[in-house]
Amino acid sequence: MTNDAAAAVFGPESLTRGALLPATGRDLMISSCALPPGILDATADGWVSPEIPILVRGQARILPLAWWGAPDRGYNPYAEPSDITRFSRRVLDSCMYAAGPWMSIDLSSDAGDSMGSYAAALRASGVTQADRFVYVQDHLGVVVVRAGDETAGTRSLAVHVVPEGWVFEPAARGPAAGIDVRWSWADVIDLHRSR
């Protein structure tokens, strides 16, 4: 990825202009069924590849995929809403290939178990839709998450990789304390600056 492309996608202007992972990062997300190499080894915010940032929030690993930007942002060849929507569908399809059909997480759940704790954390972070998959072999939950509000300039797309019990009833345990999955594209910009 050239410096110009990285600046367009991960630079400060992307906060208002919007951003979508570069093509090589998108391709890696699809070919790895949303589990790019190194994701499970990450213990701090960083990069799983030069094009894919990772934010670590306790047991949750967040892969920021896209940010819509300000509603009056104008044309951005690096993050058009139709491209973001198409990529979101491709991510869902690749997860479905690995784990079968998805189910939406009930964001209103107040169950007293780890699933209810994760649903509460999703609500607190402004999530509007979360589609979950269970990668049974790996005992992981993979969640395609849409959050924020387009008119407020906070709309985002991400993948969460979380413990299986946060999204799968047979594996759910008692309440999970301290789940926090909040983030914004400003976190990604800061990661890029620190490279």
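Below, each value reflects all heavy atoms present in this structure, side chains not excepted, and no hydrogens, waters or symmetry copies.
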Checking [X] side chain against [Y] main chain: does a donor-acceptor pair fall under 3.5 Å?
| X | Y | value |
| --- | --- | --- |
| Ser14 | Arg17 | no |
| Thr154 | Glu150 | no |
| Arg123 | Ser109 | yes |
| Ser156 | Ala66 | no |
| Asp113 | Gly174 | no |
| Thr85 | Pro81 | yes |
| Arg73 | Trp68 | yes |
| Asn76 | Gly18 | yes |
| Arg146 | Ser88 | no |

Is any side-chain heavy atom of [Y] closer than 4.5 Å to one of [X]?
| X | Y | result |
| --- | --- | --- |
| Met96 | Asp93 | yes |
| Phe133 | Leu140 | no |
| Leu157 | Val144 | yes |
| Val159 | Val142 | yes |
| Val167 | Ser114 | no |
| Leu55 | Leu191 | yes |
| Arg193 | Pro12 | yes |
| Val143 | Trp102 | no |

Distance to the ring centre below 6.0 angstrom and angle to the axis at most 45 degrees; does that hold for Arg57 and Trp183? no
Hey, are Asp83 and Arg90 close enough for a salt bridge, meaning a charged N less than 4.0 Å from a carboxylate O? no
Rounded to the nearest 0.5 Å, what's the gap from [atom1] on [X] to [atom2] on [Y]? Could you check?
| X | Y | atom1 | atom2 | answer |
| --- | --- | --- | --- | --- |
| Thr128 | Asp149 | OG1 | CG | 9.0 Å |
| Leu20 | Leu65 | CG | CG | 8.0 Å |
| Leu40 | Asp138 | CG | CG | 7.0 Å |
| Glu51 | Leu28 | CD | CG | 8.0 Å |
| Arg61 | Asp41 | CZ | CG | 8.0 Å |
| Leu122 | Arg182 | CG | CZ | 12.0 Å |

Minimum-distance pair of heavy atoms, taken over all atoms of [X] and [Y]:
| X | Y | value |
| --- | --- | --- |
| Ile30 | Ser94 | O-CB, 3.5 Å |
| Ala44 | Ile54 | O-CG2, 4.3 Å |
| Asp106 | Ala119 | O-CB, 3.7 Å |
| Leu63 | Pro36 | CD1-CD, 3.9 Å |
| Leu15 | Ala186 | CD1-N, 3.8 Å |
| Pro53 | Pro64 | O-CD, 3.4 Å |

Would a hydrophobic clustering, with Ile, Leu, Val, Met, Phe, Trp and Tyr connected at side-chain separations under 4.5 Å, put Met103 with Val161? no
Honestly curious: do Met115 and Val127 fall in one hydrophobic cluster under the side-chain, below-4.5 Å linking rule? no
Can you list the residues that meet the side-chain contact (heavy atoms from CB on, under 4.5 Å) rule with Gln59, with sequence neighbours excluded? Pro163, Trp166
Got more than 12 heavy atoms from elsewhere within 6.0 Å of CD, Glu169? no
Taking it one step at a time, do Ser104 and Asp131 satisfy side chain to side chain donor-acceptor pair (under 3.5 Å)? CA-CA 4 Å; Ser104 292; Asp131 297 314; 2.7 Å; yes
Flag the pair Trp47 / Phe10 as yes when their ring centroid distance falls below 6.0 Å, and as no otherwise. yes
